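Side chains are part of it too, since the values below use all heavy atoms of this structure and drop only hydrogens, waters and symmetry mates. Keep in mind the model is a prediction, meaning the values are calculated, not measured. To find a chain, count down the sequence lines: A is the first, B the second, and so on, and within it residues start at 1.
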Amino acid sequence: MAEITLNFPDGAQKSYEAGIKPIEVASSIAKSLAKKSVSAKLNGHYVGMNDPLTEGGDFQLITTADEESLDILRHSTSHLLAQAMRRLPKFAHAHFGVGPFIENGFYYDTDNGAGNQVSVEDFPEIEAMMKKIVKEDLPILSHEISRAEALETFKDDPYKVELINDLPEDEPISVAVQGEHIELDRGGLVPSTGWIKHFKLVSVAGSYWRGQSDNAVLQRVYGTAFWNAEDLEADLQRRAEAKERDHRNIGRDLDLFFTSQKVGSGLPVWLPNGATIRRQVERYIVDKELANDYLHVYTPVLSNLNLYKTSGHWDHYREDMFPPMDMGDGEFLELRPMNCPSHISVYQHKPRSYRDLPLRIAELGMMHRYEKSGALTGLSRVREMTLNDGHTFVAPDQLEEEFKSILKMTMAVYEDFNITDYRFRLSYRDPENTAKYFDDDEMWEKSQAQLKRAMDDMGLDYFEAPGEAAFYGPKLDIQTKTALGGEETLSTIQLDFLLPERFDLTYVGEDGQDNHRPVMLHRGIVGTMERFTAYLIEMYKGAFPTWLAPLQVQIIPVNNGAHGAYANKIKQKLQEAGLRANVETKEAKMGYLIREAQTKKVPYTLVLGDDEQDNQTVTVRRYGQQETEKMSADAFKDLVLKDVANYSRVAE
RNA sequence: GCCGACUUAGCUCAGCUGGUAGAGCACCGCUCUUGUAAAGCGGGGGUCGAAGGUUCGAAUCCUUUAGUCGGCACCA
């Protein structure tokens with residue numbers, strides 16, 4: 001029998017008889033290792049623990065201690081789900097799409113025919129069958145098959161047939177078998193169904209086959225799995241707690257904003273509390289921009305449609321714009337979907353010299369987009385929004401430096417908000433589908449390289465995302481995760497060689513010629529006020545830092561009659577210092593009022609009675625704390641002012 | 001926009017197979033009136049998302065429609 005040589009990750013080499021299984025290799029090293037080994041990798045490809053090794057090479061065992069093992073578990077759980085559904089009469093003839101692991105679990109796309117879709121009500125029955133199959137502890141074995149065999153095996157599964165037909169000619173096709181169930185599969189599975197003990201089906205939702213909106217919609221069943229019950233329980237708990245962070249719930253509980261059918265879908269109304277938070281953010285960012293040489297302007301939300309025809313927005317986004325208003329005299333007005341053409345008009349208003357550059361125009365610009373109904377979500381996806389928009393016009397040789405300075409300002413803002421969880425994404429055009437983008441290969445190559453070079457210069461980590469560029473150029477997007485786990489763009493810096501061309505922007509160079517073409521940078525730091533506020537709500541779970549809190553100080557007189565006047569005096573003192581304070585006059589027991597101040601997450605609660613009044617002091621209780629502290633009214637004022645001045649930064 | 005689920009008082013929700021609406025919190029009133037997470041009693045409030053239909057009778061069944069939610073697609 002032939003021998004094969006395996007190279008282990010620690011550098012060791014060992015020879016085995018060909019046909020040996022990873023489980024046997026593991027046992028030869030240590031019994032305990034065999035017990036916790038989930039799968040193996042040979043030369044970077046998965047091999048099941050019970051599949052024979054026919055060749056040597058770099059060999060690695062994956063154990064339950066490896067992060068990767070969770071992916072394997074979840075991938076296996078998706079197969080288990082499919083097998084269980086097939087065993088139930090109701091789903092015996094269901095067709096299956098793909099069933100991969102994802103970040104927090106797995107999903108499987110199913111098609112049980114219109115009107116018979118799987119629903120959450122079916123979950124208990126499916127889960128019960130899954131558990132039964134786990135008990136059967138069916139071995140999971142993989143092997144290669146020919147294309148013809150594969151097509152024969154999956155002939156009743158049209159989606160699988162499509163997948164097989166789309167595999168490149170030279171790609172080997174493998175399947176995974178567990179009991180009566182067979183899956184088209186590349187590997188990375190647990191040794192047997194008995195390994196899958198702790199799992200849960202989470203939700204089901206429609207989803208286009210292969211992500212193409214002209215394809216059929218399949219029912220995507222989501223689930224998750226863990227190695228032990230505690231982790232599963234903790235994850236389900238996390239999912240439930242994430243809902244408590246949802247800005248839509250907090251927005252209602254704290255009276256921040258509402259949306260209603262009466263006003264219109266996707267058109268949020270900012271209540272006083274929410275408006276206060278927004279106003280603080282707006283004042284903050286405008287001041288920051290002014291300090292960074294931005295020139296703030298006001299431009300109309302409504303403009304001549306031709307502006308957007310020239311810019312290309314009309315061509316690219318007509319479907320997502322509000323219909324133009326026909327004024328009857330040949331003029332068409334459009335609710336602007338973007339502010340760039342307005343700021344370009346500012347640039348064009350008079351001849352520009354190279355000495356003016358970089359020219360930085362900024363505005364809290366309100367824009368309207370007719371977002372598809374299914375996309376609307378609270379404040380994070382709306383039809384009317386105000387963008388923290390800025391456009392910088394630079395000479396081509398100033399581009400990289402300006403890019404870097406914008407990025408520095410952005411990161412300084414993040415520090416003030418104590419935003420630490422973000423990633424840089426370089427968004428390039430999709431090389432497979434260049435039709436959606438401005439057609440100038442050289443421009444794309446050059447600007448994408450410039451972007452990358454600037455990031456490398458600054459020594460920042462990033463990932464590259466083909467297909468995420470704007471139609472006019474590549475961009476740097478700063479990505480974050482929302483409370484509910486969604487990926488979201490917080491800030492963006494976009495390179496634009498196109499619009500200066502389209503609008504024929506020029507500046508007078510040192511040579512006196514007014515034929516030099518500037519480059520534009522589009523940037524948003526705190527994004528739209530709507531989305532950013534939603535983000536803040538979720539990040540702080542409604543417990544806003546003092547500088548943003550709608551109400552900063554709640555004052556509770558022990559007795560309205562006896563201490564009301566003193567309470568009002570303190571309130572006035574605080575208000576004169578620019579703070580937001582309120583005296584509670586409701587007739588209620590103190591415990592009740594204290595509780596209310598805490599549930600409304602007011603940063604500071606003052607209780608004022610005889611003692612305070614006699615000594616001109618206040619008794620302070622901070623949000624989330626039980627202890628109280630007595631201090632002079634002035635000391636308290638200074639304390640809060642200092643807190644406000646610190647923004648959200650981590651206290652020194 | 002697509003698929004599915006949901007829509008009952010300001011909020012959270014109950015209301016079995018059709019017999020014309022209920023709780024808690026909130027709100028208002030009264031009683032109580034001095035110290036850190038819910039005092040007691042009483043009251044007002046809903047054409048059950050909307051429109052059509054079936055029925056002697058519809059919150060409940062059917063159709064259409066709107067919105068919300070979960071995803072997908074889209075996201076300048």
Side-chain angles (χ1 to χ4, degrees), chain A residues 107 109 111 114-115 117-121 202-222 243 246 248-249 252-253 255 258-262 264-266 308 311-317 319-321 336-341 367 369-378 380-381 385 387 389 436-437 468-473 475 484 486 488-489 492 494 496 498-499 522 524 528 531 556-563 586-599 605-613 619-621 624-628:
Chain A
Y107 67 76
D109 284 341
D111 178 0
Q117 289 100 335
V118 57
S119 84
V120 286
E121 278 153 39
V202 174
S203 62
V204 56
S207 155
Y208 295 111
W209 167 235
R210 304 188 109 181
Q212 304 287 130
S213 56
D214 28 286
N215 282 349
V217 174
L218 309 189
Q219 300 310 117
R220 180 169 292 179
V221 179
Y222 288 87
K243 288 198 181 113
D246 191 319
R248 290 166 294 188
N249 297 332
R252 184 190 58 237
D253 292 345
D255 291 313
F258 70 86
T259 52
S260 87
Q261 212 165 338
K262 273 185 203 157
S265 224
Y308 310 104
S311 69
H313 287 103
W314 180 247
D315 271 354
H316 280 83
Y317 298 107
E319 294 302 308
D320 304 303
M321 288 165 66
R336 69 173 170 196
M338 243 306 164
N339 309 314
C340 10
M367 18 188 243
R369 297 179 182 176
Y370 191 75
E371 299 284 1
K372 301 273 187 298
S373 60
L376 300 174
T377 306
S380 39
R381 198 76 184 269
M385 70 215 95
L387 184 65
D389 212 356
K436 3 186 330 197
Y437 308 96
E468 296 291 341
F471 72 86
Y472 46 70
K475 52 184 180 156
L484 300 173
E488 195 168 270
T489 300
T492 182
Q494 313 179 347
D496 183 1
L498 176 63
L499 294 188
H522 305 237
T528 69
R531 184 173 288 188
I556 301 173
V558 172
N559 177 290
N560 271 332
H563 315 117
K586 190 155 56 185
E587 285 293 337
K589 295 280 185 265
M590 244 184 60
Y592 180 91
L593 298 176
I594 298 279
R595 177 176 189 276
E596 194 171 55
Q598 292 292 314
T599 55
T605 303
L606 300 184
V607 172
L608 306 181
D610 288 341
D611 188 43
E612 289 79 2
Q613 187 165 299
T619 297
V620 187
R621 174 167 170 163
Q625 297 189 356
Q626 306 217 319
E627 316 78 70
T628 60

Looking only at the side chain of [X] (C-beta and beyond, no hydrogens), which of the listed nucleotides [options] gets closest?
X	options	answer
A:D320	B:rC3, B:rC74, B:rU36	B:rC74
A:Q494	B:rC3, B:rA76, B:rA37	B:rA76
A:M590	B:rG67, B:rU36, B:rA76	B:rU36
A:V558	B:rA66, B:rG70, B:rU34	B:rU34
A:K436	B:rC2, B:rG35, B:rC75	B:rC75
A:T619	B:rC75, B:rA37, B:rU36	B:rU36
A:Q117	B:rC3, B:rG70, B:rA37	B:rC3
A:R595	B:rG35, B:rA73, B:rA38	B:rA38
A:P337	B:rA76, B:rA73, B:rC72	B:rA76

**Message:** Does the protein touch nucleotides 9-17 of chain B at the base, only the backbone, or not at all? Give it as B, S and - per nucleotide, heavy atoms under 4.0 Å.
**Reply:** --SS-----
**Fill in**
Its contact letters, B for base, S for sugar-phosphate only and - for none at protein heavy atoms under 4.0 Å, make nucleotides 24-33 of chain B read --SS----BB
Provide the distance between the two [atom1] atoms, one in [N] and one in [M], to the nearest whole Å.
N	M	atom1	answer
B:rG45	B:rA9	P	15 Å
B:rG40	B:rC25	P	9 Å
B:rG49	B:rA58	C1'	16 Å
B:rA23	B:rG35	P	34 Å
B:rA14	B:rG24	P	16 Å
B:rU7	B:rC11	C1'	15 Å
B:rG22	B:rG15	P	15 Å

What's [X] touching, base or sugar-phosphate or nothing? Going by heavy atoms closer than 4.0 Å.
X	result
A:D214	nothing
A:R248	sugar-phosphate
A:H563	base
A:Y222	sugar-phosphate
A:H313	base
A:G561	nothing
A:S119	nothing

Does any N or O in the side chain of [X] come within less than 3.5 Å of the main-chain N or O of [Y], such that one atom is a donor and the other an acceptor?
X	Y	value
A:T599	A:A597	no
A:R248	A:R252	no
A:R381	A:L376	no
A:Q598	A:G624	yes
A:T528	A:R531	yes
A:N249	A:K243	yes
A:R621	A:T605	no

Just the rounded figure in Å: distance from [atom2] of [N] to [atom1] of [X].
X	N	atom1	atom2	answer
A:L606	B:rU34	CG	P	21 Å
A:Q212	B:rC72	CD	P	15 Å
A:K262	B:rA66	NZ	C1'	14 Å
A:E488	B:rC74	CD	C1'	15 Å
A:L593	B:rU34	CG	C1'	13 Å
A:M385	B:rA76	CE	C1'	10 Å
A:D611	B:rU34	CG	P	16 Å
A:L376	B:rA66	CG	P	14 Å

Can you find a donor-acceptor pair, distance only, under 3.5 Å between [X] side chain and [N] base?
X	N	result
A:R369	B:rC74	no
A:Y208	B:rG1	yes
A:E121	B:rG4	no
A:R621	B:rA37	yes

**Request:** Evaluate the criterion side-chain contact (heavy atoms from CB on, under 4.5 Å) for residue pair A:H522 and A:N339; output intermediate values, then yes/no.
**Result:** CA-CA 10 Å; A:H522 305 237; A:N339 309 314; over 6 Å; no
**Request:** Between A:Y472 and A:T377, just flag the one whose closest nucleotide in RNA chain B comes earlier from the 5' side.
**Result:** A:T377
**Prompt:** Relative to the 5' end of RNA chain B, which residue comes earlier, A:T605 or A:A469, by the nucleotide with the nearest heavy atom?
**Reply:** A:T605
Are there any protein N/O atoms within less than 3.5 Å of an N/O atom in nucleotides 63-65 of chain B, and if so, which ones and at what distance?
none

**Request:** Decide whether A:T492 and A:Q494 meet the rule of one side-chain donor and one side-chain acceptor closer than 3.5 Å.
**Result:** yes
**Complete:** As its Watson-Crick or G-U partner within any shown strand, both distances under 3.5 Å, B:rU60 has none
**Item:** Any A:Y370 side-chain heavy atom under 4.5 Å of A:D320 side chain
**Value:** no
**Message:** Working note: A:E612 + A:H563, criterion side-chain contact (heavy atoms from CB on, under 4.5 Å); need CA distance, chi angles, decisive distance, verdict.
**Reply:** CA-CA 9 Å; A:E612 289 79 2; A:H563 315 117; over 6 Å; no
